[in-house]
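Heads up, the thing below is written out as structure tokens.
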Amino acid sequence: MFYISTRGSAPTLRFDEAMMTGLARDGGLYVPETVPDLSRGEIAALAGLRYEEIAFRVMRPYIGGTFTDAEFMGLIEAAYAGFGHTARAPLVQLGPNHFLLELFHGPTLAFKDFAMQLIGQLFQAALAKSGKRITIVGATSGDTGSAAIEAFRGLSNVDVFILFPHGRVSDVQRRQMTTPSEDNVHALALDGDFDDCQARVKDMFNDFAFRDAVGLAGVNSINWARVLAQVVYYFSSAVSLGAPHRAVSFTVPTGNFGDIFAGYIARRMGLPIEKLVVATNQNDILHRALSSGGYITDGVKPSISPSMDIQVSSNFERALFDAYGRDGAAVAALMDELKSGGFRISPNALKTLRETFASGRCSEEETLAAIARLHATTGEVLCPHSAVGVKVAEEHLGATPMITLATAHPAKFPDAVERATGIRPDLPARMADLFQRSERVTRVPNDLAALETLIRERTGH
Ligand SMILES: *Cc1c(COP(=O)(O)O)cnc(C)c1O
């Protein structure tokens, strides 16, 4: 199995190389050269298996020779051992034909743990084989950073530096980043906003001397290994509702298009998914693009579902690559147009995208109303991101069972939940002492040279 870039002019890589590289040298994203099929019989055989076993069977064809079967299974077991629910991704019913897939039972209470816990294990194992040491630097608006720190804390061949915007993440999110005591964890509070954090990380990747000296590696949502890990719960949930004998649909609260793109891969592998519904908050570029064909940027408006406050949805490039018949030059041209504000999707490509994807948007008021309504009618307490999904899903219910992805635990966003329901959700017992643990954080200026100096000092380069 090899991986190619969506822009058509970067080297073809193996799985472990694509995982360590992140962004391709031509600016594109890595995708598998061919998407492996699971037969109907193979999909049917997943029903009733443990999550880890399903994960192994779904992901194995993508790994190539990087790990033996026994090694890979061991890494999967280790990745999900710390989850607070034996089903890992349990399904609960919301209504006659509507189900909620709870993806928030991992150590940092958001779906990002599914991918991050696994790539923590994969990185560690790949580095042990090569004897290399790497430095992970990431920017976060909250959930990615906490999931990355949790996944890499204490690993011997990795230092992890996470830049978050000072004063702009929730208390739970900050404490999840600042309370781990391991020496290889470095939480950096930057004087700036999330875009500044992301821009400085990009600058570091473009400073090749620095990049090579510290062995820089990225774990943001464009990393192929993260997408792959998320394909698994589409299979586990669909087979528990009767796939492949019965089709299902999914609604996915989306920001960077990573989670929903994993659903698209599951569909390409043969899972009978009728529709994948993109659910956006008021930052609705994806809904506008799928409705009108115009992918036009429009500034980020901060919302109560902050993990989806995104203006350029990176992983959408992967869907465009397929919709344009895997024409890397065409994708590169679109991404050039995007630099000056946006582009129009060709009629053919738009038609192809609409065969798989539907979309909807949810305003701030509608988000709060959905949290209140679901609490009153079902007793479920939703986080604001999941509420966006539920509201949009309700507009797409039909004969096919609908599975909405619940992407975070309500206790991660207690203010919005309390506003909607009057109830302040409690943290799960296993992390109830989060507010008693001591914090360790370094305040940093929004300055590339200062950041590089700090990282060189801390890693001894
Ligand atoms: C990251 C995140 C999302 C958006 O996921 P994408 O893969 O960027 O579409 C939605 N909800 C929560 C809680 C998140 O942390």
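One-based numbering, in listed order, for ligands and for the atoms of each. Values reported hereafter were calculated over all heavy atoms of this structure, with side chains retained and with hydrogens, waters and symmetry mates removed.
To the nearest 0.5 Å, atom CG of residue Leu38 and atom CE of residue Met269 are 4.0 Å apart.
Within the 6.0 Å centre-distance limit, the rings of Tyr264 and Phe261 are counted as a close aromatic pair. Ring to ring, Phe250 and Phe357 are not that close: their centroids are 6.0 angstrom or more apart.
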Give every pair made of an N or O atom of ligand 1 and a protein N or O atom lying under 3.5 Å apart, one pair per line with both atom names and the distance to 0.1 Å, or write 'none'.
unit_1, atom_1, unit_2, atom_2, d
ligand 1, 7 (O), Gly258, N, 3.3
ligand 1, 7 (O), Asp259, N, 3.0
ligand 1, 8 (O), Asn256, N, 2.7
ligand 1, 9 (O), Gly255, N, 2.9
ligand 1, 9 (O), Asn256, N, 3.3
ligand 1, 9 (O), Phe257, N, 3.3
ligand 1, 11 (N), Thr407, OG1, 2.8
ligand 1, 15 (O), Lys112, NZ, 2.5
ligand 1, 15 (O), Asp143, OD2, 2.6

>> I'd like to know whether Thr179 forms a side chain to side chain contact (heavy atoms under 4.5 Å, CB included) with Arg440, so could you lay out the CA-CA distance, the side-chain angles of the two residues, the decisive distance to 0.1 Å, and finally the verdict.
In response: CA-CA 6 Å; Thr179 58; Arg440 205 166 48 95; over 6 Å; no

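With sequence neighbours excluded, no residue satisfies salt bridge (charged side-chain N to carboxylate O under 4.0 Å, His left out) with Asp426.
Between Glu150 and Lys112 there is no salt bridge, since no side-chain nitrogen of the basic residue lies less than 4.0 Å from a carboxylate oxygen of the acidic one.
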